[in-house]
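Numbering of ligands and ligand atoms starts at 1, following listing order. Worth knowing before you read on, the calculation uses all heavy atoms, side chains too, and leaves out hydrogens, waters and symmetry mates.
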Amino acid sequence: MFVRETEWWKYSIIYQIYPLTFADGNGDGIGDLQGIIQRLDYLNDGKDNSDSSLGIDAIWLSPINQSPMLDNGYDVSDYYDICNTFGTLDDFQRLLEQAHRRNIKVILDLVINHTSSEHPWFLESRSSRYNPKSDWYLWHDPAPDGGVPNNWLSYFGGTGWTYDDKRQQYYYHAFNSHQPDLNWHNPEVRAAIYDVIRYWLDLGVDGFRLDASSVYSQDKYFRNNPVKFEGREDKYKDQYHIYDQNLPENHEIIREIRSIIDEYDNRVLSGETFIDNRLYDSLIFYGVNNDELHLPFTFEFPLSPWYPGYLQREIEKKELLTPEGSWQVYFLNNHDLPRHLSRWSECSICFDTFAIAKASATILLTVRGTPILYYGEELGMVNHENIPLEQLRDQVAMSCLDEECLPSRDGTRTPMQWDDSPQAGFSFGKDVTPWLPVHDNYQYVNVETELSEQDSILNFYRELIQLRKNSKALQKGTWKPLIYYPYEHLAYLRETEQETVLVAINFSYEKNFDLDRAIPKQYWQVLLSTNLSVGDIIPLPQLLQPFEISILQFTPDHAVP
Ligand code: NOJ
């Protein structure tokens with residue numbers, strides 16, 4: 001039976017699915033809900049010590065609502081329906097039921113900063129200046145010279161304003177011109193969106209990831225953003241976004257959404273809080289009374305280099321800044337970023353991809369906070385760098401002509417690699433072209449092959465996940481670094497009153513293990529290691545072998561009486 005417990009999201013491992021490319025259940029070459037249902041056992045078959053499943057606790061689905069797919073679902077045209085590409089509402093209910101049966105919670109991506117320009121609300125709003133929804137979006141008269149109303153830009157490049165012939169006004173869009181921003185100052189808009197939220201909660205979803213949750217509200221006087229350098233205001237990063245990002249009203253909206261979430265038992269509210277990667281500003285999204293997001297997604301690891309000191313500093317910052325009673329969340333990847341092994345294997349002084357995969361998985365799954373995995377990272381999937389132009393799908397990136405535009409995000413969204421059959425087992429349709437091309441390495445980087453290889457990246461993730469599940473220290477213990485300024489290795493403790501776990505990772509070709517803080521020299525039991533025998537009780541190692549990863553538990557009971 002599906003057992004709900006409060007704050008499950010603190011001790012869960014979340015797995016992000018990009019539905020278009022996870023699994024194709026009907027053989028048309030595009031991922032769908034049926035495909036996800038068929039693959040649920042891989043994610044968690046509900047059995048203890050399963051020999052084939054990953055063991056995650058929750059899935060976050062990138063958007064599945066009705067959409068013209070200009071931004072692959074991040075452009076919703078009907079909040080109450082499932083996109084035909086993915087299936088029907090019945091399919092979704094089956095997915096929910098089947099997931100819950102396996103103790104997998106389901107988190108939906110909620111795209112409410114903007115709608116698609118094909119949403120009936122926008123069609124009505126743009127039909128005239130005087131209609132019931134005329135004020136549901138951010139319309140503005142042209143400047144006296146006929147140009148854009150102010151200097152606000154689109155995150156995807158170029159101006160944030162598009163002129164509409166019919167209304168003879170501009171509308172604002174923080175993203176693409178086909179993604180008009182809703183006017184959150186309008187109470188009717190808020191009420192309409194809150195109905196949407198209740199609808200999905202009533203259906204039984206376990207929570208949401210709020211898309212673009214830092215840009216809901218804009219200055220109601222439409223003031224120009226100050227620019228960082230005189231005369232340079234046409235690049236997003238050259239402005240101070242005080243009038244179009246992270247406004248106080250933004251937090252009022254999130255608080256209102258949270259109060260709806262709190263009407264229901266045990267739901268989670270997470271959100272994308274990307275603000276020039278300023279962790280300090282992102283933390284405000286917990287709310288002054290812990291009444292906004294449970295899990296604000298901040299981007300420490302995605303924007304860090306592969307370097308122990310840097311990674312540790314990011315963890316330290318987060319440990320220092322996370323408010324009392326709040327909880328951290330960490331991830332290496334998502335659908336907008338190049339995959340981490342592609343980002344980090346560029347580092348010439350570092351080790352190979354295989355070693356980075358294991359070391360980064362260890363950090364992600366042993367720091368204090370909820371880990372989010374992005375589909376395929378557990379296999380060591382890397383970015384597809386050579387997608388032919390005619391097969392690219394990231395239309396919003398392609399439509400931007402500015403030289404500083406968003407690069408195509410397709411390389412990180414290629415089909416999940418299930419086995420070594422054609423299409424990597426993603427689609428059984430023989431003659432179909434998959435939504436995006438499969439990466440060439442699928443013959444050895446795939447679920448089936450890696451399950452059968454003891455030393456694979458997938459089996460390493462599975463071991464780490466099991467370990468985390470069985471250790472209160474790894475789930476909720478304190479985090480304490482043992483080296484002040486690590487250059488070549490990381491070492492930290494995770495501790496509860498009953499349990500002490502040591503995590504040690506050597507990033508280097510050299511043997512080393514210098515610690516700045518003293519810890520017991522005896523009675524460490526090996527829980528997981530690339531070099532030591534699991535189960536052995538050993539003295540504290542003097543040296544770590546090149547690239548060694550070891551997780552040890554202090555077992556004073558084994559002391560000689
Ligand atoms: C953030 C999402 O992660 C990204 O994929 C999308 O393009 C924008 N928001 C617009 O919704």
Determine the minimum heavy-atom distance between Arg258 and Leu293, stating which atoms define it. NH1-C, 4.2 Å

Can you figure out which of Asp336, Asp394, Asn113 has its heavy atom closest to atom 4 (C) of ligand 1? Asp336

With respect to Arg413, which candidate in Tyr374, Tyr375, Tyr18 satisfies the side chain to side chain donor-acceptor pair (under 3.5 Å) definition? Tyr18

Atom 8 (C) of ligand 1 has as its nearest protein heavy atom Phe175 CE2, 3.8 Å

Verify side chain to side chain contact (heavy atoms under 4.5 Å, CB included) between Ser214 and Glu272, making sure each step is shown before the conclusion. CA-CA 7 Å; Ser214 55; Glu272 183 189 36; over 6 Å; no

Check each atom of ligand 1 against the heavy atoms of Arg209 and keep those under 4.0 Å away; list them by number with element. 3 (O)

Test side chain to side chain contact (heavy atoms under 4.5 Å, CB included) applied to Gln38 - qualifying residues, sequence neighbours left out: Gln34

Please could you name the atoms of ligand 1 that Asp211 approaches to less than 4.0 Å, counting only its heavy atoms? 1 (C), 2 (C), 3 (O), 9 (N), 10 (C), 11 (O)

Considering only heavy atoms of Phe156, which atoms of ligand 1 have at least one such atom less than 4.0 Å away? 7 (O)

By number and element, which atoms of ligand 1 are closer than 4.0 Å to a non-hydrogen atom of Arg409? 4 (C), 5 (O), 6 (C), 7 (O)

For ligand 1, which atoms have a heavy atom of His114 less than 4.0 angstrom away? 10 (C), 11 (O)

Are Phe299 and Asp336 close enough that some pair of their side-chain heavy atoms sits under 4.5 Å apart? no

Reference residue Phe297; test ring pair (Phe, Tyr, Trp, His ring centres under 6.0 Å); the match among Tyr330, Phe285, Trp60: Trp60

For atom 6 (C) of ligand 1, what is the closest protein heavy atom, and at what distance to 0.1 Å? Asp71 OD2, 3.3 Å

